[in-house]
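Within every chain, numbering begins at 1; the chains are lettered A, B, ... in the order of the sequence lines, protein sequences first and strands thereafter.
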Amino acid sequence: MTTTTTSRTAGGPSDEAPAALHSPVIDWFRTHARDLPWRRQEAGPWGVMVSEFMLQQTPVSRVLPVYEQWLARWPRPADLAAEPPGEAVRAWGRLGYPRRALRLHAAASAIAERHGGDVPQDHAKLLALPGVGEYTAAAVASFAYGQRHPVLDTNVRRVFGRAVTGVQYPPTATTAAERRLARELLPDDDPTAAAWAAATMELGALVCTARTPDCHRCPIATQCAWRLAGSPAHTGPPRRGQTYAGTDRQVRGKLLAVLREAVTPVEQAALDVVWDEPVQRARALDGLVSDGLVEPLTNGTYRLPLT
DNA sequence: AAAACGTGGTG
DNA sequence: TCACCAAGTTT
């Protein structure tokens, strides 16, 4: 035997690992999945897409009521596209990151214009839509159309990090190794792959949570590499929590809150009261305007964008 | 590639 | 209380 004997890539899953994980996780999902509105058949691809936009960095509990109102008001992409972008921003409410509302409106317009009003099925076409990145394209293709795509969100990354790689937390940014692993673990056929995607996400959301995982209820606890290693603490760089108080983001939020509530254009003075520091206040407002979230009128007033 | 981008619940 | 966390995308 030579020193160059073939060996499996370090840290990679064994050939039989996938099958051993698929069934327990998918079976668990069948009995424990939450009954969320965007998972109902009647939600359709548009409902799935709307939910995915809203769920980008925003918890399910806060998305629920806004999602219902949104779909009731704009049941099809063309319905949203027919309204001014500012109406999308207003209906977005306090979900946060309001540029998502603008992008969802722009995506709806693109769907209405270029795709005959139907959410495209092709991953590349989904990816080309405003506000749709790698995750959302895969999620819509998988959840709405039952296709086979690696769906790698924060939940799945954590589940794979623990169950397979054996670490408490995945790296800060998604790595090529994580993408490769997600691809390797993907079941071969479309329906099973789609179920796997939804199931691993749900497992991360309900059981394999960031702070205090409930391993007692985990269907793959006996196979979890992290548990088997004694649940070692995170070793990498500290996970940065973004500060918010005093940032431009906070000021933008306060300014936009005023505009959302207003039915008519708002005077400069009404915006000035939300923040006392004039330089930062002006910078925040300029930022909102350049982002297309606020429209300045020639008479010195401001409103949510009509175009 | 690092940083910007909202908001509210929770341990 | 306060830092962490939540189905990311864009520049």
Side-chain angles (χ1 to χ4, degrees), chain A residues 29 33-34 36-39 43 47-67 89 92-104 106-107 126-144 149-159 168-176 178 182 194 197-206 208-214 234 237-260 274 280 283-284 286-288 290-293:
Chain A
F29 182 69
R34 291 167 291 180
L36 301 171
W38 43 86
R39 287 179 177 161
V48 171
M49 173 169 280
V50 169
S51 77
E52 291 303 336
F53 269 77
M54 292 183 173
L55 288 164
Q56 291 169 4
Q57 302 284 279
T58 302
V60 167
S61 60
R62 288 173 48 208
V63 164
L64 248 15
V66 182
Y67 171 87
V89 174
W92 197 254
R94 307 188 65 80
L95 288 183
Y97 293 146
R99 289 191 291 193
R100 290 182 293 165
L102 230 38
R103 290 173 181 149
L104 180 52
L126 287 165
L127 197 53
L129 295 172
V132 176
E134 189 56 46
Y135 161 75
T136 302
V140 172
S142 182
F143 303 153
H149 294 281
V151 176
L152 206 49
D153 80 322
T154 187
N155 290 304
V156 177
R157 294 182 62 217
R158 190 173 53 246
V159 169
Q168 184 179 23
Y169 297 116
T172 306
T174 306
T175 63
E178 286 183 274
T200 47
M201 282 182 66
E202 192 77 337
L203 186 62
L206 298 183
C208 194
T209 55
R211 299 239 182 110
T212 51
D214 194 353
H234 181 62
R239 302 148 63 66
R240 54 179 302 221
Q242 69 274 53
T243 53
Y244 179 64
T247 62
D248 285 7
R249 260 148 89 180
Q250 183 182 23
V251 184
R252 287 166 57 106
K254 288 179 175 298
L255 290 170
L256 207 54
V258 173
L259 278 308
R260 272 199 312 264
V274 308
Q280 186 178 27
R283 183 173 66 234
D286 282 349
L288 289 170
S290 57
D291 286 348
L293 284 163

Using the P atoms only, state how far C:dT11 lies from B:dG6, rounded to an integer number of Å. 14 Å
Mind checking A:Val156 for me? I need base, sugar-phosphate or nothing, with any heavy atom below 4.0 Å counting as a touch. nothing
Is A:Arg283 touching bases, backbone alone, or none of the nucleic acid, heavy atoms closer than 4.0 Å? nothing
Write down the distance between CZ (A:Phe53) and P (C:dG8), rounded to a whole number of angstrom. 13 Å
Tell me what A:Thr209 touches on the nucleic acid: a base, only sugar-phosphate, or nothing, going by heavy atoms under 4.0 Å. nothing
Span that lies between the P atom of B:dT10 and that of C:dA7, in whole angstrom: 14 Å
Considering just the side-chain nitrogens and oxygens of A:Thr247, establish if one lies under 4.0 Å of OP1 or OP2 belonging to B:dA4. no
N/O donor-acceptor pair, side chain A:Thr58 with base B:dG8, under 3.5 angstrom: no
With a non-hydrogen cut-off below 4.0 angstrom, is A:Trp92 in contact with a base, only sugar-phosphate, or nothing? nothing
Nearest whole angstrom, please: distance from the P of C:dA6 to the CZ of A:Arg157. 11 Å
Once you round to the nearest 0.5 Å, how far does CG of A:Leu203 lie from CZ of A:Phe29? 10.5 Å
DNA chain C: 5'-proximal contact among A:Gly131 and A:Thr154 (nearest heavy atom): A:Thr154
Given B:dG8, is OP1 or OP2 found less than 4.0 Å from the side-chain N or O atoms of A:Arg94? yes
Identify whether any heavy atom of A:Leu256 sits under 4.0 Å from a base atom; if not, whether one sits that close to sugar-phosphate; answer base, sugar-phosphate or nothing. nothing
A:Ala139 near the nucleic acid: base, sugar-phosphate alone, or nothing, with a heavy-atom cut-off under 4.0 Å? nothing
Of A:Pro130 and A:Asn155, whose nearest nucleotide on DNA chain C comes first from the 5' end? A:Asn155
Under 4.0 Å between any heavy atoms, over every strand shown, what does A:Phe143 touch: base, sugar-phosphate, or nothing? Just pick one. nothing
Quick one: label A:Leu127 by what it contacts on the DNA or RNA (base, sugar-phosphate, nothing), any heavy atom closer than 4.0 Å. nothing
Using a heavy-atom cut-off of under 4.0 Å over every strand shown, decide if A:Gln250 touches base, sugar-phosphate, or nothing. nothing
Provide, to the nearest angstrom, the distance between the CZ atom belonging to A:Arg252 and the P atom belonging to B:dT7. 10 Å
Considering only side-chain heavy atoms of A:Pro59, which listed nucleotide, B:dA4, C:dA6, C:dA7, is closest? C:dA6
Closest to side chain of A:Ala210, choosing from B:dC5, C:dA6, C:dA7: C:dA6
At under 4.0 Å, does any side-chain N or O of A:Tyr244 touch on OP1 or OP2 of B:dT7? yes
Rounded to whole angstroms, how far apart are OH on A:Tyr97 and P on B:dG6? 7 Å
What's the NZ-C1' distance between A:Lys254 and B:dG8, to the nearest Å? 13 Å
Considering just the side-chain nitrogens and oxygens of A:Gln57, establish if one lies under 4.0 Å of OP1 or OP2 belonging to C:dA6. no
How close or far is atom P of C:dA7 from atom CZ of A:Phe29, stated in whole angstroms? 14 Å
Distance only, no hydrogens: is a donor on one side chain within 3.5 Å (strictly under) of an acceptor on the other, for A:Gln56 and A:Tyr135? no
What's A:Gly133 touching, base or sugar-phosphate or nothing? Going by heavy atoms closer than 4.0 Å. sugar-phosphate
Regarding A:Arg158, tell me which of base, sugar-phosphate or nothing describes its non-hydrogen contacts under 4.0 Å with the strands shown. sugar-phosphate
Answer yes or no: side-chain N or O of A:Arg249 and base N or O of B:dG6 forming a donor-acceptor pair under 3.5 Å. yes
Between the base of B:dT7 and the side chain of A:Arg62, is there a donor-acceptor distance below 3.5 Å? yes
